[in-house]
Amino acid sequence: MLDKTYDPKEIEARRYPEWESAGAFTAHPESTRPPYCIVIPPPNVTGSLHMGHALDNTLQDILIRWRRMKGDDVLWQPGTDHAGIATQMVVVRNLEQEGIGLAVEGAVKTDANKKLLSREEFLAKVWEWKAYSGGTITGQLRRLGASCDWSRERFTMDEGLSKAVLKVFVDLHKAGLIYKDNRLVNWDPKMLTAISDLEVESREVRGSLWYFKYPIEGSPDEFITVATTRPETMLGDTGVAVHADDPKWKHLIGKHAILPLVGRRIPIVADEYSDPEKGSGAVKITPAHDFNDFEVGRRHKLEAISIFDKFARLNDKVPEKYRGLDRFDARKKIVAEMEELGLLDKIEPHTHQVPYGDRGGVPVEPFLTEQWYADAKKLAEAPIAAARDGRVTFVPERGRDDFFRWMENIEPWCISRQLWWGHQIPAWYGPDKKVFVALSEEEAKADALKHYGKDVALERDPDVLDTWFSSALWPFSTLGWPDQTAALAKYYPTNVLVTGWDILFFWVARMMMMGMHFMPDVPFRTVYLHGLVTDEKGQKMSKSKGNVVDPLELIDKYGADALRFTMTSLAASTAGRLRFSSARVEGSRNFATKLWNATRFAEMNGAALPKDFDPASAKLIVNKWVLGELARANTAIDKALTDFRLNEAATALYEFIWGIVCDWYVELSKPVLQGTDGPDKDETRAVTAFVLRETVKLLHPVMPFITEELWDKLGHRADHGALIGQPWPAPAATDAAADAEIGWLVKLISDIRSARAELNVPAGAKLKLLVVGGNDVTAKRLDTHGAAIERLARIEGIEAAATAPKAALQIVVGEATYALPVGEVIDLKTEGVRLQKEIKKLADEVAKIDAKLGNAAFVSRAPEEVVEEQRERRQQAEQTRARLSTALERLGA
RNA sequence: GGGCGCGUAGCUCAGCGGUAGAGCACUGUCUUGACAUGGCAGGGGUCACAGGUUCAAUCCCUGUCGCGCCCA
């Protein structure tokens, strides 16, 4: 006998290891079954599960479990990402606590950093940290129920994937698609590395606009006024730009200004970049520290003078007194000195966008350095074509437009990072800085020997690759590439990639680039994008806001199935954010309990499935009906999952299990199950068992734990093995006659209940049901379902009658009027009011339909079946209205 | 500034040409042998606003106003 309530904790802890050790998640590349593959978006190896993971992985697991039951050979490829910058940051922070720093160039020992680690020492610490915390997130994914093939787990820095990274780098370099270039990059002065455009987030900052006067050469009293948000960069100015048509300044074009504080002679040039309406109309040009200025400088051949070091402190290209100053200290000093010189015209408050590094959290500095780049424009061509011709599709479709917008305007991808944790770039430099890119130092040496004609010392490039470089290879590197493995042959292209909108560009786009360059096809057929989980107010969850909900706490409290069901219901929103509230998880937990108790009911009533039971042989109407409802739910769930409308699958399951099975089928079957033994009882027990068996199958992808448990408790495990490996049900036929009959029954019972409640008939009072004007069909139905009606509507005795007695509730269903004599129990005036209300409602409906049917255009232009439907509805409403009027008259008689 | 999305019941959201829905919250009532993590019944909505297309618009189109996201 099942316990009274469902206890997820104990069951989940037991079921997962059972599946895993039985090999239920294992892919079988050698099998002939069709492949179905999803690669997991690899979480950071040292991270822990957050709500985004819970959503993303629930959706993937649903698809995986569904396809597994459908008979596919599924592979859910798991693994973790080394997450270069993020992991390095965490370890650095941990070391700082111990007073340990990194021996990077320019680092000094201080009280806080008594010890400085070499690169090798630091990497050893990171691997140590990985060993310590690396199992956390995979353990948490298991708690969620994720049925990944853990025997194939990979890590972006394991041996095989590192080999793939090297090969990709070397091949792309050979093809000219990876190259070194000296151009402006986004420099993070805190992390001390270059970052890509995507890692920069612009934040709105309330700052100032400073107006500086630059003296004109040879004209001591004349000035040109420039407006800037970054006074400190003036030390690197090499020009001033004005618009060619600007009446205020155009007479100065071709002349020179003398840069204050520095004394440099800088040209005044005409450039479209200057907007006469903005600021003063004249712009100072600092080509080495601003992306726009860099372009202007290039157009006018202005020198680019880099004035910062990597910490964003002023370097020796500026007058001595400023050297070593931090950029923000320099700003204050420069503004003060300009004011002293009388060259500060004014200061205006100004709100503008400032680029921040998404990891370091400080403003990034456009910085002129040599970095490695991938030719993203070239690599984007094949992915764009694939998205255009439908080899890859997006759900929802507008993801495709976003994809195009990004891919068609893509800039070179800066792939080198000045970090220690990551894939070190396979490039070696000779004494003359000649670069040798090779798979190994030996090969590089061989190349060098060929080039120089003698052995020379080579020095390896110290930089590592952008984390997203290795994750871009994920769909094929995890399957064994560059080796031609059976798994690679079978599972590539993968079927669907499930991820959030936020990494469409970071990851999805780059997987497309690499996948299409190194493999013959797209990495995945479908990109399924979902929104971001936020708190109830729609705010992003963050530690600093203190609004983070921990999925593990929810699993502890409500169970993994409840969390999964909630996530599935949430997954519909076409909007970018999914507001999460714990109340919904509670509701999902209640849903689990409901199913648990329905099963408990079945158990208590001897529901059992005979070995050779054929549901098509069912004779009782109520059984035929529920089997039809089951088929309907089955169809709806399949359709929803096929269309990636997972929330609709959740809704269909909820409505079927709660609304159909629990609310009606269980109640309607009680008279039979609790009545005398015989074929009807046997059939109902069998159908109950059958429906529950199929239900746990249909629910399994969404709520795997409780369904596996119930499958076992229902006794199917002994004969068929675990639920996870069962074949997915195929929907049977529905029965229109049974639908109509149970529809009538449900309406009759509901109407009686409503009338009783509205008239405050005591819940315990049992009334007689008198049927007036019922036809043969109704008589037969009343006979069939009499027991159920008596039970559910609290009736005692059903009889035909010529007329209704005066003191009675009256309702109309179909052609018959039903009277429930109440004697003096109720106030007949109230009943009169109730009837009048009903009549008015129907009369309004009739009037509405009449207006439609009276419209000649409607009758002639609307489809025939729509018109017919309206006529039928009018007739029904009018008939019921007339009968209720009769009932009302009788009441007053 | 450009692009996209969203404004539906008190709250969170489904629905997206032909009878306005769910969960939670709320009201009344019931411990009837599955379940009070529950049953039964009920209240609550000019589907943001203004035009247009259509026999018919919450749904399609245009504009306005709010909110959010992405890219400059």
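Values reported hereafter were calculated over all heavy atoms of this structure, with side chains retained and with hydrogens, waters and symmetry mates removed. In what follows, every chain begins at residue 1, and chains take the letters A, B, ... in the order their sequences are listed. Quantities reported herein were computed from a predicted structural model and do not represent experimental measurements.
For A:S750, whose side chain is taken as the heavy atoms from C-beta onward, the closest listed nucleotide among B:C13, B:G15, B:A41 is B:A41. Distances were taken from every side-chain heavy atom of A:R577 (C-beta onward) to each of B:G15, B:G68, B:C70; the shortest belongs to B:G68.
Residues from residues 637-645 of chain A placing a heavy atom under 4.0 Å of any atom in RNA chain B, listed by number, are A:R645. The stretch residues 852-867 of chain A touches RNA chain B through A:N855, A:A857, A:F858, A:R861, A:A862, A:P863, A:V866, each having a heavy atom within less than 4.0 Å of the strand. Of the residues in residues 553-565 of chain A, none has a non-hydrogen atom less than 4.0 angstrom from any atom of RNA chain B.
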Subject >> Contact pattern, 5' to 3', of nucleotides 33-40 of chain B - B, S or - by protein heavy atom under 4.0 Å >> reply: -BBSBSSS
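With sequence neighbours excluded, the residues satisfying ring pair (Phe, Tyr, Trp, His ring centres under 6.0 Å) with A:H50 are A:H53. Take A:T707 and apply the side-chain hydrogen bond (donor to acceptor under 3.5 Å, both in side chains) test, not counting sequence neighbours, and it matches no residue.
For RNA chain B, the stems formed by at least three consecutive Watson-Crick or G-U pairs, with both atom-pair distances below 3.5 Å, span B:1-7 with B:65-71, B:10-13 with B:21-24, B:26-30 with B:38-42, B:48-52 with B:60-64.
Under the salt bridge (charged side-chain N to carboxylate O under 4.0 Å, His left out) criterion, no residue pair touches residues 591-603 of chain A, with sequence neighbours excluded. Pairs passing the salt bridge (charged side-chain N to carboxylate O under 4.0 Å, His left out) check and including a residue from residues 3-12 of chain A, sequence neighbours excluded, read A:E10-A:R14.
Between A:R756 and B:A41, a side-chain N or O to OP1/OP2 separation shorter than 4.0 Å is absent.
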N/O donor to acceptor pairs below 3.5 angstrom from side-chain atoms of residues 786-795 of chain A, sequence neighbours left out:
| from | atom 1 | to | atom 2 | distance (Å) |
| --- | --- | --- | --- | --- |
| A:E790 | OE2 | A:G797 | N | 2.7 |
| A:R791 | NH1 | A:Q674 | OE1 | 3.4 |
| A:R791 | NH2 | A:Q674 | OE1 | 3.2 |

Table please: side-chain donor-acceptor pairs of residues 852-859 of chain A below 3.5 Å, with sequence neighbours left out.
| from | atom 1 | to | atom 2 | distance (Å) |
| --- | --- | --- | --- | --- |
| A:N855 | OD1 | A:A857 | N | 3.0 |

Are there any protein N/O atoms within less than 3.5 Å of an N/O atom in nucleotides 42-44 of chain B, and if so, which ones and at what distance?
| from | atom 1 | to | atom 2 | distance (Å) |
| --- | --- | --- | --- | --- |
| B:G42 | OP1 | A:S754 | OG | 3.1 |

